[in-house]
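Predicted, not measured: the structure shown is a model, and the values here were computed from it. Chain naming here is simple, since letters A, B, ... match the order of the sequence lines and numbering starts at 1 in each.
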Amino acid sequence: MAVKKTKHVMPEQEPKERIKNFKEVPYGYDKETAIEEAKRCLQCKNKPCMEGCPVEIDIPCFIKYIAEGNFDKAAEIIKAKNSLPAVSGRVCPYEEQCEGVCTIKKIGEPVGIGRLERFIADYERRKGVKNPKEVKSSGKKAAIIGAGPAGLTCAGDLAKMGHEVTVFEAFHAPGGVLMYGIPEFRLPKEIVKAEVEYIKKLGVDIKYDVVVGKTISTEELLDKYDAVFVGTGAGLPRFLNIPGENLDGIYSANEFLTRVNMMKAYKFPEYDTPIKIGDVVATFGAGNVAMDSARTALRLGAKKSYIIYRRSDVEMPARDEEIEHGKEEGIIFKLLTNPISFIGDNKGRLKQVVCIKMKLGEPDESGRRRPIPITDSEEVIDIDTAIIAIGQNPNPLIPQTMKGLKVEKWGNIATDENGKTNIPGLFAGGDIATGAATVILAMGAGKRAARAMDKYMKSKKLKNTIHKRQKILAD
Amino acid sequence: MVAKKAQAGQFVILRIDEKGERIPLTIADYDREKGTITIIFMEVGKTTKQLGTLNVGDSIENFAGPLGIASEVKNYGTVICVGGGVGIAPLYPIVRELKKAGNYVISILGAKNKKLLLLEDEIEYFSDEFYITTDDGSKGHKGFVSDVLQKQIDNKEKINMVMAIGPVIMMKVVADLTKKYNIKTLVSLNPIMVDGTGMCGGCRVSVGEKTKFACVDGPEFDGHEVDFENLMLRNRRFLKEEEDACKLEEVK
């Protein structure tokens, strides 16, 4: 039988309907469709897809179980490597990873690996997640700073290895960017909470409202625990540094999304945190965070939602799926357009943005063609709200408060590929080490660090390294 | 845990309940042994009004800190500490620490009327000179803190530093005055924040033409560099929403 050349379609909410609510856009596969999609997998012996997976899931194996209708076994295979499958099954850039190297791509669309992972995670959650097996205690204690994707993955893996794990979270809720950043319609918060519950079932303790570097120092954690992992993520939002940027009505994407997602401002005044956006919203930038912001603005009632980006469509860093969803919902893309100033009214409230048209020149150091302003091409656009989504620098708290810790140019913590920092016993991973990247790369970094920490804690030289650490910190 | 680390000049972020807003409040005092933090607040919005209804022994959902960079306490020489309204509260630990560090401390407290003054005895105890001003003359000098500050500048040989905490307009007036005499002036800013840990950028302020984040770069900044106009504007961002939320709460 010939293989079906295209993925089975995953049903979605109609664009006209979904822009009026915050409910999730795709509904996911049903059992029959999942089995049919799983049958498209060729079960390649060399498993190219697995190499494309940052968290090392045995992809052909779990797909084989789905094809056989054995969903429980499929869940077991995924969970062996990935403690947050309902999350990664929704937000992973599969097209660049597992699906990007799928053999069937030679004749058509790859197997819908992401959709299948999501199906299994949802199936298992609805059915009731089995309690994990008890593991023998190692007698070692690890501390994790930050309950985002990197920290939770690292914590879960360490717990599975038998270590006692405590996570310190600055906010009142777990999940990090999964909670404050990615909107409800792309990643429902109930799902994040359920996956965090599973991590807790593995034996992980999460302490909230603890700002490491302030409430307790990293050095104190190093004294109390055998190893410490820093997963504090990307923090400080970048701004455009153009006139008028501090007017009322201009948000960083972080502030805008945190108000809406974590603080539930879309339910104001039932929830206390407010947001106001007016009729016309412009989001600057074209990554996933920008798409999330522009689509959130529509759901908050914006009549027009622009994406304003200085390069062209091919350079947009967002996933195709997000751009597609945005287009379906009516986002207006103003490409090759760069803001040069914001104009406010006499009360300091944002009124307009002045933009200039751009053209593309020679490739720059990022390999993308450099945008060059076209003279005398200014354009004034009336807007009520601006959202700046052009990236962020690593969170400054730990580098700022820990002397002796080696950091790189942008303030991100310097590590080797296993997350080791220059301080013995201190590991780091995710955006705090790499600069802003993806959820799955952070999860992969958490996973590798967990392995390195396990090795470190079990090594007999622990005492020597503690001595060495004290020396570095004293200098 | 927070009390163990708290220092003069820092703040906390709190949230009343599951649906509450995260708001920053500056620390007025701390007792490391008892493990307590003192916060003095004015009921201006929904969260502070709700806080005001709590009794001894009640608890709130979240309390995180101490956040921000602590005041730089050292021996400057002669310092003037200016506190206005509820800003007197966070000024108190700074006065105390500056005195302990060997400074000659002159304190000037101002409020609308004598009822709105606070921590007078405590601050006077740690001050070498102590002045009070009220807008209505119900206590001390009738007028503004800047009147007394001007006199001090005129009479004192050398003032090494001025620390001002209070309403934005008061800090602006103080900073404008000291700028003329080139006296180093620090102000403590309390802009709208969400996370308070350097993540959202909501608390950004213009300092010397640069964008700074009050939560991780502050809350204290050089008063001569701060764009107070912009700070006032940004603090009014959600005024209407706050009023609506308060009204709804009263209807309930």
Side-chain angles (χ1 to χ4, degrees), chain A residues 169-173 176-177 180-181 207-211 213-217 232-239 241 245-259 262-265 267-276 344 347-349 388 392-397 400-401, chain B residues 1-2 4-6 10 12-23 45-47 50 61-69 192-206 210-211 213 216-217 227 229-234 236-238 240-242 244-249:
Chain A
E169 168 57 46
F171 292 172
H172 57 263
V177 71
Y180 72 73
K207 295 199 185 306
Y208 300 103
D209 296 323
V210 182
V211 186
K214 295 288 177 185
T215 318
I216 186 164
S217 70
T232 47
L236 292 185
R238 287 190 197 146
F239 286 92
N241 296 318
E245 199 161 23
N246 291 341
L247 286 167
D248 176 8
I250 305 179
Y251 298 90
S252 75
N254 271 7
E255 182 185 4
F256 179 74
L257 292 172
T258 303
R259 282 179 179 274
M262 193 167 79
M263 306 310 294
K264 304 223 179 299
K267 292 183 179 170
F268 179 84
E270 183 198 345
Y271 282 75
D272 290 346
T273 305
I275 190 94
K276 57 175 173 188
K347 285 183 184 142
R349 169 100 204 131
I388 317 294
Q392 50 241 302
N393 295 329
N395 190 290
L397 278 183
Q400 193 185 62
T401 54
Chain B
M1 246 172 142
V2 182
K4 235 166 99 182
K5 290 288 161 67
Q10 291 186 297
V12 295
I13 288 259
L14 59 82
R15 196 173 70 129
I16 295 258
D17 56 34
E18 274 292 297
K19 294 180 177 178
E21 191 172 6
R22 290 172 69 97
I23 65 157
K46 187 179 169 192
T47 302
Q50 282 175 312
E61 189 78 17
N62 302 99
F63 191 86
L67 300 169
I69 297 170
I192 296 173
M193 291 185 188
V194 185
D195 64 293
T197 61
M199 201 272 294
C200 83
C203 67
R204 63 190 190 273
V205 285
S206 301
K210 282 204 181 108
T211 292
F213 301 101
V216 288
D217 299 324
D227 181 346
E229 299 291 338
N230 186 252
L231 176 63
M232 281 187 255
L233 181 159
R234 290 189 60 79
R236 284 196 298 264
R237 286 200 290 159
F238 297 105
K240 184 167 178 307
E241 286 74 15
E242 195 64 57
D244 292 349
C246 288
K247 266 185 216 153
L248 271 173
E249 190 60 20

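Heavy atoms of B:Thr211 lying under 4.5 Å from chain A belong exclusively to its side chain. For chain A, the nearby part of B:Glu18 is the backbone; its heavy atoms alone come within less than 4.5 Å. In this structure, chain B has no heavy atom under 4.5 Å from any part of A:Lys267. Within the 4.5 angstrom heavy-atom criterion, only side-chain atoms of A:Phe239, from C-beta onward, approach chain B. Both the backbone and the side chain of A:Leu236 come within less than 4.5 Å of a heavy atom in chain B. Heavy atoms of B:Val216 lying under 4.5 Å from chain A belong to its backbone as well as its side chain. Within the 4.5 angstrom heavy-atom criterion, no atom of B:Leu14 approaches chain A. Residue A:Lys276 touches chain B through both its backbone and its side chain, counting heavy-atom pairs closer than 4.5 Å. Heavy atoms closer than 4.5 Å to chain B are found in both the backbone and the side chain of A:Pro274.
In this structure, CZ in A:Arg349 is found 12.5 Å from CZ in B:Arg236, a value given to the nearest 0.5 Å. The CG atom of B:Asp17 sits 6.5 Å away from atom CG of A:Asp272, with the distance rounded to the nearest 0.5 Å. To the nearest 0.5 Å, atom OH of residue A:Tyr208 and atom CG of residue B:Asn62 are 10.5 Å apart. For the atom pair SG of B:Cys200 and CZ of A:Phe256, the computed distance is 13.5 Å after rounding to the nearest 0.5 Å. Of the inter-residue distances, the one linking A:Leu247 atom CG with B:Asn230 atom CG reads 7.5 Å to the nearest 0.5 angstrom. Summarising the geometry, atom CG belonging to A:Asn246 is positioned 4.0 Å from atom OG belonging to B:Ser206; distances are rounded to the nearest 0.5 Å.
In terms of non-hydrogen atom pairs under 4.5 Å with chain B, the most contact-rich of A:Asn393, A:Ile388, A:Val210, A:Val211 is A:Val211. Contact count against chain B (heavy-atom pairs under 4.5 Å) is highest for A:Pro237 among A:Ala253, A:Pro237, A:Pro269, A:Gly344. Your options are A:Glu270, A:Lys264, A:Gln392, A:Glu245, and the one with the most heavy-atom pairs under 4.5 Å with chain B is A:Glu270. Contacts with chain A were tallied for B:Gly201, B:Gly198, B:Gly202, B:Gly45; B:Gly198 has the most, counting heavy-atom pairs under 4.5 Å.
Checking side-chain atoms of A:Asn395 against main-chain N and O of B:Thr197 turns up a donor-acceptor pair under 3.5 Å. Between the B:Arg22 side chain and the A:Thr273 main chain, no donor and acceptor come within less than 3.5 Å of each other. Judged by distance alone, with hydrogens and angles left aside, the side-chain atoms of A:Lys214 form a donor-acceptor pair with the main-chain N or O of B:Gly68 at under 3.5 Å. When atom types are taken as modelled, the side chain of B:Arg237 and the backbone of A:Gly249 share no donor-acceptor pair closer than 3.5 angstrom. At least one donor-acceptor pair under 3.5 Å links the side chain of A:Thr215 to the backbone N or O of B:Gly65.
The closest side-chain heavy-atom distance from B:Glu21 to A:Tyr271 is not below 4.5 Å. A:Asp209 has its side chain out of reach of B:Phe63: every pair of non-hydrogen atoms, C-beta onward, lies at least 4.5 Å apart. Contact annotation: the side chain of A:His172 never approaches that of B:Glu61 to less than 4.5 Å [non-hydrogen atoms, C-beta and beyond]. B:Arg15 is listed as a side-chain neighbour of A:Met263, based on a closest heavy-atom distance under 4.5 Å.
Residues B:Phe238 and A:Ile275 share a closest heavy-atom pair of CE2-CA, 4.0 Å. Residue B:Arg204 comes nearest to A:Ile250 through the heavy atom pair NH2-O, 3.0 Å, listed as atom of the first residue, atom of the second, then distance.
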